Amino acid sequence: MAKTKILGFAGSLRKDSYNKALLRAVQELLPEGAELEIFNLEGIPLFNQDLELDQPEKVREFKAKIRAADALLIATPEYNYSVPGVLKNALDSASRPYGDNPFDGKPVAIMGASIGMLGTGRAQYHLRQSMVFLNMHPVNRPEVIITFAQQKIDQSGRVTDEETRGTIQELLKALIAWTNKLKNPS
Ligand SMILES: Cc1cc2nc3c(=O)[nH]c(=O)nc-3n(C[C@H](O)[C@H](O)[C@H](O)COP(=O)(O)O)c2cc1C
């Protein structure tokens with residue numbers, strides 16, 4: 001059977017980002033039969049609707065990779081109680097022009113790490129709201145909401161907390177099952 005191709009991207013450009021670390025952990029935790037490609041959002045220009053018919057190369061590349069993937073995986077921080085501009089800008093850019101939305105019908109899983117006590121929950125719910133219009137199909141459970149990331153991800157960027165690693169693994173299993181179910185609904 002062909003492998004489930006997952007495209008992952010993080011809503012942080014920071015070199016030592018905890019959310020980038022989550023995606024690296026996924027490389028270690030992926031079940032058999034699935035593969036992950038990580039796409040770096042760095043270099044996507046600020047969206048300008050005047051230019052939406054002449055998309056920058058980086059946006060075209062992103063859209064092509066979204067289309068080629070069976071499923072998406074987003075790891076995002078929370079900025080000021082919401083989705084970071086980097087991630088929202090990437091979603092807005094890739095979703096245009098109207099009628100050329102590569103997110104349409106895509107299964108997607110969300111996870112997020114923050115240094116605070118609510119661990120990106122508010123950002124994740126705002127992200128889910130955008131997914132309604134984009135017609136994405138997010139996994140509902142488990143919600144991977146990683147609080148106090150500095151205690152669970154070490155200085156080398158390794159996710160050391162076993163419970164966190166277990167929850168990520170559960171999310172990956174759920175994403176793959178959900179992707180298969182959407183492909184073969186019977
Ligand atoms: C502009 C900005 C806004 C932030 N707002 C929040 C917030 O609303 N909630 C939260 O839990 N952490 C917030 N933080 C702290 C982030 O959790 C922390 O910077 C985290 O490391 C960002 O994720 P990253 O490591 O993947 O870059 C904010 C950080 C920045 C830079």
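Whatever order the structure lists ligands and atoms in, that order sets their numbers, starting from 1. Since we're looking at a predicted model, the values are computed, not measured. We count residues from 1, following the sequence as given.
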key: Residues S82 and N80: side-chain donor-acceptor under 3.5 angstrom   = no
query = Between the side chains of K58 and S93, is a donor N or O closer than 3.5 angstrom to an acceptor N or O?
reply = no
note = Joining Ile, Leu, Val, Met, Phe, Trp and Tyr whenever any side-chain heavy atoms lie under 4.5 Å apart, the cluster holding M117 also takes in L118, F148
query = With sequence neighbours left out, what residues match Y79 under ring pair (Phe, Tyr, Trp, His ring centres under 6.0 Å)?
reply = none
I'd like a table of donor-acceptor pairs (distance under 3.5 Å, sequence neighbours excluded) in which one partner is a side-chain atom from residues 37-47, with atom names and distances.
{"residue": "E37", "atom": "OE2", "partner": "K65", "partner atom": "NZ", "Å": "2.8"}
{"residue": "N40", "atom": "OD1", "partner": "E42", "partner atom": "N", "Å": "3.0"}

Ligand 1 N/O to protein N/O, distances under 3.5 Å:
{"residue": "ligand 1", "atom": "5 (N)", "partner": "E78", "partner atom": "O", "Å": "3.3"}
{"residue": "ligand 1", "atom": "5 (N)", "partner": "N80", "partner atom": "N", "Å": "2.8"}
{"residue": "ligand 1", "atom": "8 (O)", "partner": "E78", "partner atom": "OE2", "Å": "3.4"}
{"residue": "ligand 1", "atom": "8 (O)", "partner": "N80", "partner atom": "N", "Å": "3.1"}
{"residue": "ligand 1", "atom": "8 (O)", "partner": "Y81", "partner atom": "N", "Å": "2.7"}
{"residue": "ligand 1", "atom": "9 (N)", "partner": "E78", "partner atom": "OE2", "Å": "2.9"}
{"residue": "ligand 1", "atom": "11 (O)", "partner": "S114", "partner atom": "OG", "Å": "2.8"}
{"residue": "ligand 1", "atom": "17 (O)", "partner": "I115", "partner atom": "N", "Å": "3.2"}
{"residue": "ligand 1", "atom": "23 (O)", "partner": "N19", "partner atom": "ND2", "Å": "3.4"}
{"residue": "ligand 1", "atom": "25 (O)", "partner": "R14", "partner atom": "NE", "Å": "3.3"}
{"residue": "ligand 1", "atom": "25 (O)", "partner": "R14", "partner atom": "NH2", "Å": "2.7"}
{"residue": "ligand 1", "atom": "25 (O)", "partner": "Y18", "partner atom": "N", "Å": "2.9"}
{"residue": "ligand 1", "atom": "26 (O)", "partner": "S17", "partner atom": "OG", "Å": "2.6"}
{"residue": "ligand 1", "atom": "26 (O)", "partner": "Y18", "partner atom": "N", "Å": "3.3"}
{"residue": "ligand 1", "atom": "26 (O)", "partner": "N19", "partner atom": "N", "Å": "3.1"}
{"residue": "ligand 1", "atom": "26 (O)", "partner": "N19", "partner atom": "ND2", "Å": "2.7"}
{"residue": "ligand 1", "atom": "27 (O)", "partner": "S12", "partner atom": "OG", "Å": "2.7"}
{"residue": "ligand 1", "atom": "27 (O)", "partner": "R14", "partner atom": "NE", "Å": "3.0"}

ask   = Between D100 and K63, does at least one N-O distance fall below 4.0 Å, as a salt bridge requires?
value = yes
